[in-house]
Amino acid sequence: MASLLGLHLVLALWGALRNSVTFDENFHLPSGVLIAARGDFRISPFNPPLVKTLFALPALAAGARLPDPAAVDTQDQWVAGESFMRRNADRYHRVFFAARCVVALISLATGFLVWKYARRLQGRAAGLLALAFYVTAAESLAHAGVATMDVATGFGMLAAVYAFWGFCRSGRWTWWLKTVFALGFCALTRFNTAILGPILLLLAVLGTALTRIRRPARVWLGLLLAVPATLVILDLGYLAHVSFRPLSAWQFASPSFQHLQQRVPWLRLPLPDAYLFGLDIQAREGAGGTPTYLLHQVRSGRVWYYLPLAFLFKWPLGFLGALAARFGRDLFPGPRPRRWHEAFLLVPIAMILGSAMFLFTLNIGIRYMFPLVPLLCVWLGGLAPPPSRVPAALRRRVRRWVVAGTLLATLQAIEVGAHAPWYLSFFNWPSGGSSGGQWLVNDSNVDWGQGLIALKDELARRGIQRVHLAYHGTTDPAIYGIDYLPYRGGTPSRDSDWLAISSYYYVGLWQRMTTTSGRTAGPIRFDFQRLWGARPVAMPAGCILLFSIDRSGVTGPPS
C-alpha cells in the first residue's frame, strides 16, 4: 500500500513540476492568498474558500506576493489574477508548485481512503487492487498536480459516502461526526457537492425500506441534525460573514435565483454572503452559454451524451476494461455480491453522472466528474473478493477475475506511464492519443494552458529563438521565458518562421488571449482549416502544435 501511494506521489509531483500554470489556477491561488492573508472573500467566489486557503499557506511560505490593492478593489478575478502573476513573475512557478503540493497530499489521502473503504468491503486484496487503479488513473494523476478543486471534491465526497456507510452500518455517533465533518469539508470546497444531500437521503430511504440499517431512527435523526451542523461549519469557514439580508436586497445574475427572489423576496437565507454570491454565479454558468466541443463540432445547449463519450475517449483501456470485467463478474456464478453495501457506491455514481448529463450544460471537461473516479476504484476492488467468502468449487473461477483485474491495472499503469507527465492531455490508444483525441473532445480535456514549459524546452531543443504563439491560458508565456509574438490571425510576420498554436484555438474554439500587454478585449476566433491537413513538427505536452511556416502559403495559416 505504501509503495503504491509513494508511486502516486512521485508521478503527481512530476506533473506538478513540468506543467505550466493552468487556466483556473491563476484565479484559485490569488483568491486563496487574499483569504489567508486578509480574510478577503471578494475575488473569485466561484468556489468556496477552504481548499483555496490551503493552497495559499505553502504559497505564502514560498514567498507569494499579494495582488495590487487596486486590482483587488475591482473584484474581478481576471484583473486580480494578472496582478498576482506580474507581482510574482520572479517566483511564479515556485509558488504554484508549493500550492500544488497540497493537492498531491489530498490525492494521497484519497488513495488511502480508497484502499481503506475497499478493504473494509471486500478484504485486503480488494483494497490493494482498488488502490492500484486509483494511483495510476489518468484523471487522478492529472488533477493531483494542479491547484484546483477537483481532487479535493473527490476526496470529500468519498469521505462523506464512506462515513455515512459506517453510520448506517453501526449506528454509532462517531461515524455521524465523521459524516458531518466530511459534509462540511465538501460544502467549503465546491458548490456541486450539494448533491450529497439527495444522495444520502436516498440511501437512507432504501436502507429503511429494505430493513438494512441497524438503527434507522438514529440514522434519520442524524440526517436531520446534519443540516444545521453543516451550516455551522459553512458559516465558520467564511468567518461568519453572514448578513441575513432578504432576497429582495440582492442583485442576482442567474434565472433560478431571480425566480426565487420574485417568489419569496422576504426570505433570509442563513448562508454566507460570498457563498450565496458564488452560488448565483455558478447557477448562471450552469444554465448554458459555454460552448461544447464534441466530435469535431462546436455545439450549444445540453448534450446529454457528452460525458459517456468523453469517458470512452479519455479513460485508459485498462480502466474501461476493468469496469466491463466488474459488470461481468456479477453475471457469473460466484460469491454473492454485497448489493446493499455496493449501493453506497453505485447510487452516488448514478446520481452524480445523471445530474451532470441531464440537468446541466457545462460540458467543458470530465474533470467535473472526478468524484466518480475514487468511487469506481473502490467498486473495482470487488474483482478480488476475500477467499473466505468464495466456495471451494468456485475459487479457480474467481481467481481468474483477480488475475484479470491485476492485468488490467497493470495495463492502465503502462498506458498512463507512457504519457507521463502530460496526464491532462491523455487519450487512450483507439482515440488517437492527444493528436487524434483533440478532435473528439477538447477544452480542459486537452488544453488547459499546461504546455508552456514543454514548449520552451522544444523551442530550445530546435534552436528557435522566437515564435508566433496563439496561446490558450491565463499566464503570459513570457513569464516562462518564451520570446513570442502574439498571433491573432493573418499572415505571420517575418520576425519568426515558427507558429505555435494551442489545441483549443486550433480546433476552432474561442477565448480571450493573455499576452505581455494584458488580455485581449474580446475572444479571438481563428480559422486554421488550411493547417488541419498539415502535420506539426511537434506537439509539446500534447496540447500545443508547433508548425514551421511555409511562406509559399501552401501549408501556412490563412492570410
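Everything quoted here is computed from the prediction, not taken from an experiment. Hydrogens, waters and symmetry mates play no part in the numbers below; they use all other heavy atoms, side chains included.
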Roughly how far, to the nearest 0.5 Å, is [atom2] of [Y] from [atom1] of [X]?
X      : Y      : atom1 : atom2 : value
Met513 : Ile524 : CE    : CD1   : 4.0 Å
Asn26  : Gln77  : CG    : CD    : 10.0 Å
Leu9   : Leu141 : CG    : CG    : 10.5 Å
Ile195 : Ile199 : CD1   : CD1   : 4.5 Å
Met157 : Leu196 : CE    : CG    : 4.0 Å
Thr491 : Arg494 : OG1   : CZ    : 9.5 Å

Is the shortest side-chain heavy-atom distance between [X] and [Y] below 4.5 Å?
X      : Y      : answer
Arg519 : Gln511 : yes
Thr22  : Thr475 : no
Leu546 : Pro536 : no
Trp266 : Pro246 : no
Pro49  : Leu188 : yes
Val298 : Trp510 : yes
Leu29  : Val21  : no
Trp176 : Leu225 : yes

Test of ring centre spacing under 6.0 Å for [X] and [Y]:
X      : Y      : value
Phe526 : Tyr487 : yes
Tyr275 : Phe191 : yes
Phe155 : Phe185 : yes
Phe41  : His241 : yes

(request) Return yes when atom OH of Tyr480 has more than 12 non-hydrogen atoms of other residues, nucleotides or ligands closer than 6.0 Å, and no otherwise. (result) yes

(request) Kindly determine whether Arg38 and Leu66 satisfy side chain to side chain contact (heavy atoms under 4.5 Å, CB included), including the steps that lead there. (result) CA-CA 10 Å; Arg38 296 181 178 175; Leu66 274 63; 3.3 Å; yes

Look only at the side chain of [X] and the backbone of [Y], and say whether a donor-acceptor pair between them is shorter than 3.5 Å.
X      : Y      : result
Asp273 : Ser243 : yes
Ser254 : Gln282 : no
Thr153 : Met149 : yes
Tyr505 : Arg525 : no
Asp150 : Ile366 : no
Arg268 : Phe244 : yes
His468 : Ser496 : yes
Asn445 : Asn442 : yes
Thr514 : Gly473 : yes
Ser83  : Val79  : no

(message) Do the side chains of Arg86 and Asp68 get close enough for a salt bridge, i.e. N-O under 4.0 angstrom?
(response) no

(message) What I want to find out is whether Asp457 reaches Arg18 closely enough, with some N-O distance under 4.0 Å, to be called a salt bridge.
(response) yes

(message) Is a donor from one side chain sitting under 3.5 angstrom from an acceptor on the other, for Thr515 and Tyr484?
(response) no

Parallel, tilted or perpendicular: which fits the ring planes of [X] and [Y], with parallel below 30° and perpendicular above 60°?
X      : Y      : value
Trp439 : Tyr506 : tilted
Phe426 : His419 : perpendicular
Trp250 : Phe252 : parallel
His143 : Phe370 : perpendicular

(request) Report the C-alpha distance between Phe427 and Trp422 in whole Å, list the side-chain angles of each, state the deciding distance to 0.1 Å, and finish with yes or no for ring pair (Phe, Tyr, Trp, His ring centres under 6.0 Å). (result) CA-CA 11 Å; Phe427 283 85; Trp422 319 119; over 10 Å; no

Can you give me the closest heavy-atom contact between [X] and [Y], atom names plus distance?
X      : Y      : result
Ser107 : His8   : OG-NE2, 2.6 Å
Ala147 : Val103 : CA-CG2, 3.7 Å
Val441 : Val446 : O-CG2, 3.4 Å
Ser503 : Asp447 : N-OD2, 3.2 Å
Leu158 : Pro374 : CD2-CB, 3.8 Å
Asn19  : Arg100 : O-NH1, 2.7 Å

(message) Can you tell me which residue among Val151, Leu54, Val51 is in a side-chain contact (heavy atoms from CB on, under 4.5 Å) with Thr189?
(response) Val51

(request) Apply salt bridge (charged side-chain N to carboxylate O under 4.0 Å, His left out) to Asp90 and Arg65, showing your working. (result) CA-CA 11 Å; Asp90 61 337; Arg65 303 184 182 103; 3.0 Å; yes

(request) Could you walk me through whether Leu11 and Val416 pass side chain to side chain contact (heavy atoms under 4.5 Å, CB included), step by step? (result) CA-CA 10 Å; Leu11 293 175; Val416 177; over 6 Å; no

(request) Evaluate side chain to side chain contact (heavy atoms under 4.5 Å, CB included) for Val146 paired with Trp448, printing each intermediate quantity in order. (result) CA-CA 11 Å; Val146 290; Trp448 212 13; 4.3 Å; yes

(request) Go through the steps for Leu455 and Leu469 under the test side chain to side chain contact (heavy atoms under 4.5 Å, CB included), then give the verdict. (result) CA-CA 10 Å; Leu455 175 62; Leu469 177 58; 4.0 Å; yes

